[in-house]
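Residue numbers begin at 1 in each chain, while the letters A, B, ... track the order of the sequences.
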Amino acid sequence: MNELLYQFAEWLYATPWSRAIEESFYLYNWIETTHVLTVMLSLGMLIFIDLRMLGWVMPQVSAVKIAQRLNTAMMIGFVIMFITGILLFYAKPTYTIQSIWFRIKMVLLLGAFVNALLFHKRMMSSAGSWDMEPKAPAHLRLGAALSLGLWAGVVTTGRLIAYDWFHCYRDLPAAMAWAAGCVAD
Amino acid sequence: MTEPAKLSTIEKIAVASSVFIIGAGIVYWGLQVQNVMELLEMAYG
Amino acid sequence: MELLPLGFFEWAESSFLGYIGKTYGGIYATLGQSVHLISLAVLGGAVLVSDFRLLGWVLRDVPSEVVAEQAHKWFKIALFTIIASGVFMAAAIAIKLYYNSAYWAKMYALIAGVLFVFLVRRPLLRGDHSQINPWVLKLVAVASILVWVSVAATGRWIGFS
């Protein structure tokens with residue numbers, strides 16, 4: 001599995017555009033800046049939706065209305081983040097695929113995605129009964145808190161990808177080297 | 001709008017400071033773009 | 001250009017805060033950078049939710065007074081944590097920052113943003129929005145988005161330049 005992922009990363013690395021992006025100071029750094037700045041839009045909206053469920057913002061306004069009205073802006077943010085994120089990976093595939101932080105980030109992202117799907121389904125199936133309450137029901141509040149926690153983890157591990165404290169050329173315990181997917185230095 | 005808009009003092013201050021910020025932003029980012037263009041031109045001709 | 005003398009930055013870097021940030025990379029990256037980014041998300045949400053509302057893009061069926069007032073509450077919380085984590089990070093690399101033009105651009109933008117929010121935007125939006133010329137509201141929203149995106153962008157470029 002790790003071998004296969006690394007081979008794929010090597011193949012990406014060898015494509016001309018991957019080299020061009022990584023070697024371009026302005027292109028790479030502006031893609032990075034866009035990726036980071038878009039948290040203001042995507043996570044900004046997400047945080048406001050989650051805070052509304054917890055009853056900490058606009059408690060007098062319908063929770064479902066907040067979730068639905070901020071959804072488009074949030075999604076636009078996530079699309080930009082996704083595209084710039086893929087480009088960042090594409091520019092440094094062999095480094096990133098062997099980063100333990102990147103791998104934890106992907107697991108947390110998957111968790112946040114599944115949590116969001118479940119949350120949405122549960123919110124829509126019970127919306128009418130609690131919509132105007134200052135706080136959402138306990139199971140939805142848990143989902144909102146989980147969403148905030150998972151995304152805080154995504155941001156943190158995302159930032160840590162830049163640090164090579166646990167990279168494959170370090171002396172790592174076997175389990176960590178496996179988790180990081182160390183195939184080459 | 002049919003009637004001429006009369007702005008209150010705080011509205012006037014808001015317009016002036018907003019225009020200042022937008023102007024300064026355009027100048028700053030414009031200069032950044034210009035610098036990069038010049039640098040790339042020097043490097044690649 | 002520089003708002004404070006080099007001596008201040010030398011002192012900051014030799015302070016206890018600067019020592020912690022310089023010595024412990026893990027604390028710098030998490031309590032510094034990561035908290036800074038999470039606060040940026042909250043600050044971005046507060047700014048964009050209320051400015052998009054003023055522009056008529058979101059929450060059109062919620063009074064913009066309510067949106068502005070509630071968003072401002074979270075703006076203040078985010079601003080506090082973003083400045084606290086920012087000061088911690090800055091102390092660790094203070095002398096480098098003194099010679100960094102992106103850092104000074106960010107400080108000017110930050111000062112402009114804070115003054116704009118607390119002296120202009122908030123006093124304006126505290127009243128009844130229907131009494132305010134809609135074009136003034138839109139202009140204020142555009143300036144607000146521009147200034148905070150600029151603070152964030154110049155902030156990111158501190159690390160690149």
Side-chain angles (χ1 to χ4, degrees), chain A residues 25-52 55-63 65-74 76-77 81 101 105 148-149 151-166, chain C residues 24-26 28-53 55 57-75 77-78 82 85 89 102 145 148-161:
Chain A
F25 177 79
Y26 289 104
L27 191 56
Y28 183 83
N29 286 345
W30 270 112
I31 294 172
E32 228 260 17
T33 304
T34 309
H35 190 65
V36 173
L37 257 60
T38 319
V39 303
M40 295 171 85
L41 183 61
S42 58
L43 294 192
M45 300 298 145
L46 177 119
I47 287 168
F48 266 70
I49 295 171
D50 286 338
L51 289 176
R52 171 60 189 87
W56 293 347
V57 77
M58 292 186 256
Q60 66 276 57
V61 181
S62 153
K65 190 191 271 183
I66 298 273
Q68 287 174 338
R69 299 290 190 275
L70 298 183
N71 191 55
T72 310
M74 178 177 77
I76 292 171
M81 279 200 120
W101 301 118
K105 178 177 176 172
L148 290 173
W151 280 106
V154 170
V155 170
T156 303
T157 47
R159 175 62 257 195
L160 292 177
I161 295 171
Y163 295 97
D164 65 349
W165 307 320
F166 302 114
Chain C
Y24 304 102
Y28 180 80
T30 50
L31 290 185
Q33 297 182 319
S34 161
V35 169
H36 206 60
L37 286 171
I38 293 165
S39 311
L40 175 68
V42 181
L43 185 130
V47 168
L48 296 180
V49 165
S50 60
D51 287 334
F52 285 176
R53 174 64 188 87
L55 291 166
W57 294 350
V58 297
L59 294 168
R60 266 180 298 235
D61 45 2
V62 180
S64 66
E65 289 88 349
V66 172
V67 179
E69 192 259 325
Q70 290 284 309
H72 188 65
K73 192 176 80 179
W74 282 94
F75 175 84
I77 296 170
I82 214 164
S85 53
M89 287 193 293
I145 293 171
W148 292 110
V149 168
S150 296
V151 171
T154 48
R156 188 62 200 93
W157 275 80
I158 292 171
F160 298 144
S161 42

Return a table of donor-acceptor pairs under 3.5 angstrom between the side chains of residues 62-69 of chain C and protein atoms on other chains or two or more places apart.
unit_1, atom_1, unit_2, atom_2, d
S64(C), OG, H129(C), ND1, 2.6
E65(C), OE2, H129(C), N, 2.7

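Among T34(A), V36(A), L70(A), N29(A), the residue making the largest number of heavy-atom pairs under 4.5 Å with chain C is N29(A). Chain A forms the most heavy-atom pairs under 4.5 Å with one residue out of A71(C), G26(C), G44(C), and that residue is G44(C). Of all the listed residues (L41(A), T72(A), T38(A)), the one sharing the greatest number of non-hydrogen pairs under 4.5 Å with chain C is L41(A).
Between W157(C) and Y26(A), the angle of the ring planes stays under 30°, which puts this pair in the parallel group of the 30/60° scheme.
The shortest side-chain heavy-atom distance between L48(C) and M45(A) falls under the 4.5 Å cut-off. Within the 4.5 Å cutoff, side-chain heavy atoms of M58(A) are placed close to those of V49(C).
Contact of L160(A) with chain C is made through the side chain alone, with heavy-atom distances under 4.5 Å. Contact of I66(A) with chain C is made through backbone and side chain together, with heavy-atom distances under 4.5 Å. With a 4.5 angstrom heavy-atom cutoff, A78(C) does not touch chain A via any of its atoms. Within the 4.5 angstrom heavy-atom criterion, only side-chain atoms of E32(A), from C-beta onward, approach chain C.
For CH2 of W56(A), the number of neighbouring non-hydrogen atoms (other residues, nucleotides, ligands) closer than 6.0 Å is 12 at most.
Between W165(A) and Y24(C), a ring centre-to-centre spacing not shorter than 6.0 Å is recorded.
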